[in-house]
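Read the structure below first, then the notes.
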Amino acid sequence: MNPEYQDMFAPLTLKNGIELKNRLVMAPMTNSSSNNDGTVSDEEVDYYARRSKGVSMVITATTYVTPNGKGFPNQFAADRDAMIPSLSKLAKRIQGEGAKAILQIFHAGKMSPIDLVPDGDVVSASDVPADREGAAKPRTLREEEVEEIIEAFGETTRRAIEAGYDGVEIHGANGYLIQQFFSPHSNLREDKFGGSLEKRMTFPLAIIDKVQRVVKEHADESFIVGYRFSPEEPETPGITMDETLHFVDVLADKELDYLHVSLMDFFSKPRRGVEDLDKTRIAHLLETIGDRVPLIGVGSIYTAEDAKLAFNTGIPLLALGRELIIDPDWVQKVAEGREDEIVTEIDKEKQEELVVPGPLWNNIINTPGWFPGV
Ligand SMILES: Cc1cc2nc3c(=O)[nH]c(=O)nc-3n(C[C@H](O)[C@H](O)[C@H](O)COP(=O)(O)O)c2cc1C
């Protein structure tokens, strides 16, 4: 291995005592390739196995905790016990290749397509439609329904434990229900779940508490609980960097095993809300978090050099998303001093060799600008 890159292969021990073999993880990526009954497909399992050899943790595509939380066609399900064998199959293949298997859990809220949820009943914190063409006006969740969804995050965590996962990641990012509750754009509630910044934290914090209680009850302390968030929203009003730093300050004391920021560009800078707009979002976050909990950074890391520059910021863990689709051997190549052989653009002729399920492959090659090489 090139000594310049050896730090990213240093093990990291999480708060719960679990050792990660290196600092590189697979980012959660929805693949829309599960079976129609909500079970994971063989194609999908093979896709994960192909990418689980080098990284220390694989965070799965997000899965939904209630039927009305489904966000994508052919997304795999974790909203009922009947899905446990299917979930287990995926965990075992990931672990069989040497990585920890982390199940990402979510509720899509108003981002659910109307035809994917029972009775077309799309729900959210308030009745503010998503900022996209043709978005349905969601129905405001009643307080008791909010409590039921919090319970459902606990139930899905229990299923993840029974299915043999090493942990769960609570998906509070990318505009889905948890973020909708934290957002002043989406959450206009006047009950205990809305209003001030503190009150908008109530739903995410209640989910974390619930998940942690379930873990205490059903798993041993080695079970990992992570939390993912998006730092800013473009809308006004919308989540600002300043609000996120307040939130992250609270999250850092929640005894989570890691935090995970969702970014498309690791080195991106805040839009607004902090005095120093020249400092990257990651730098602001690391300053607030200190050494209380490890942060996973992510976003457009394609080469070993990109990763080195990212680690130079002090980030303890780095997630690779698109790059692991483009080159499933990225981590092994760096480990073996073959970083020059890393492929950084998708080769449109190599679906089979890259082991990418059909629906995901079609999304990639039909969406210009999304993946380098398309
Ligand atoms: C195909 C695809 C699907 C994604 N699905 C999810 C998801 O299910 N959950 C999530 O938190 N982020 C999801 N993301 C965001 C990624 O986790 C990651 O933050 C983003 O791709 C930037 O990292 P990258 O430049 O390494 O790809 C997805 C991204 C892609 C490209």
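For the single chain, residues carry numbers from 1 onward in sequence order. Side chains included, hydrogens not; waters and symmetry mates left out as well; all remaining heavy atoms used. First listed ligand is number 1; within each ligand, the first listed atom is number 1. It should be emphasised that the depicted structure is a prediction, and the values quoted were computed from it without experimental measurement.
- Nearest protein neighbour of atom 17 (O) of ligand 1, counting heavy atoms only, is Pro28 O, 2.7 Å.
- Across the listed options Arg228, Arg322, Met264, Met26, Arg228 owns the non-hydrogen atom lying nearest to atom 10 (C) of ligand 1.
- In terms of protein heavy-atom proximity, atom 5 (N) of ligand 1 is nearest to Thr30 N, 2.8 Å.
- Side chain to side chain, Gln75 and Ser34 fail the donor-acceptor criterion of an N or O pair below 3.5 Å.
- By the 4.0 Å N-to-carboxylate-O rule, Asp257 lies too far from Lys15 to be salt-bridged with it.
- Side-chain contact of Asn68 with His107: a donor-acceptor pair under 3.5 Å is present, judged by distance alone.
- Any N or O atom pair closer than 3.5 Å counts here, and Gly321 shares at least one such pair with ligand 1.
- If you number the atoms of ligand 1 from 1 as listed, the ones under 4.0 Å from a heavy atom of Ala27 come out as 17 (O).
- Salt-bridge annotation for Glu305 and Lys308: present, with a side-chain N of the basic residue lying under 4.0 Å from a carboxylate O of the acidic one.
- Using a 4.0 Å cut-off between charged side-chain N and carboxylate O, Arg158 and Asp81 make a salt bridge.
- Under a 4.0 angstrom heavy-atom cut-off, Phe266 registers as lying outside contact with ligand 1.
- Against a heavy-atom cut-off of under 4.0 Å, Gly299 is close to the following atoms of ligand 1: 23 (O), 25 (O).
- Taking only nitrogen or oxygen atoms, main chain and side chain alike, Ile301 does not reach within less than 3.5 Å of ligand 1.
- Comparing His171, Gln75, Glu169, Met29 against atom 30 (C) of ligand 1, the shortest heavy-atom distance belongs to Met29.
- Remark: ligand 1 atoms within the under-4.0 Å shell around heavy atoms of Leu263 are 19 (O), 22 (C).
- Ranking the protein heavy atoms by distance from atom 23 (O) of ligand 1 puts Val298 CG2, 3.4 Å first.
- Here's the thing with Asn174: one of its N/O atoms is less than 3.5 angstrom from an N/O atom of ligand 1.
- In this structure, Asp242 does not pair ionically with Arg272, as no charged nitrogen and carboxylate oxygen lie closer than 4.0 Å.
- In summary, Lys89 and Asp42 engage in a salt bridge, as defined by a charged side-chain N under 4.0 Å from a carboxylate O.
- Using a 4.0 Å cut-off between charged side-chain N and carboxylate O, Glu97 and Lys53 make a salt bridge.
- Heavy atoms from both the backbone and the side chain of Thr62 come within less than 4.0 Å of ligand 1.
- Of all the heavy atoms of Trp370, the ones lying under 4.0 Å from any atom of ligand 1 belong exclusively to the side chain.
- When only interatomic distances are considered, the shortest N/O to N/O separation between Ser300 and ligand 1 falls below 3.5 Å.
- Of the N and O atoms on the side chains of Asn35 and Thr39, at least one donor lies less than 3.5 Å from an acceptor on the other residue.
- With ligand atoms numbered from 1 in the order given, ligand 1 contributes 7 (C), 8 (O), 9 (N), 10 (C), 11 (O) to contacts under 4.0 Å with heavy atoms of Gln104.
- Note: no N/O pair closer than 3.5 Å links Tyr302 and ligand 1 by distance alone.
- Asp119 has no carboxylate O lying under 4.0 Å from a charged side-chain N of Arg139, or vice versa, which leaves the two without a salt bridge.
- Neither side chain, Glu44 nor Ser33, offers a donor N or O lying under 3.5 Å from an acceptor on the other.
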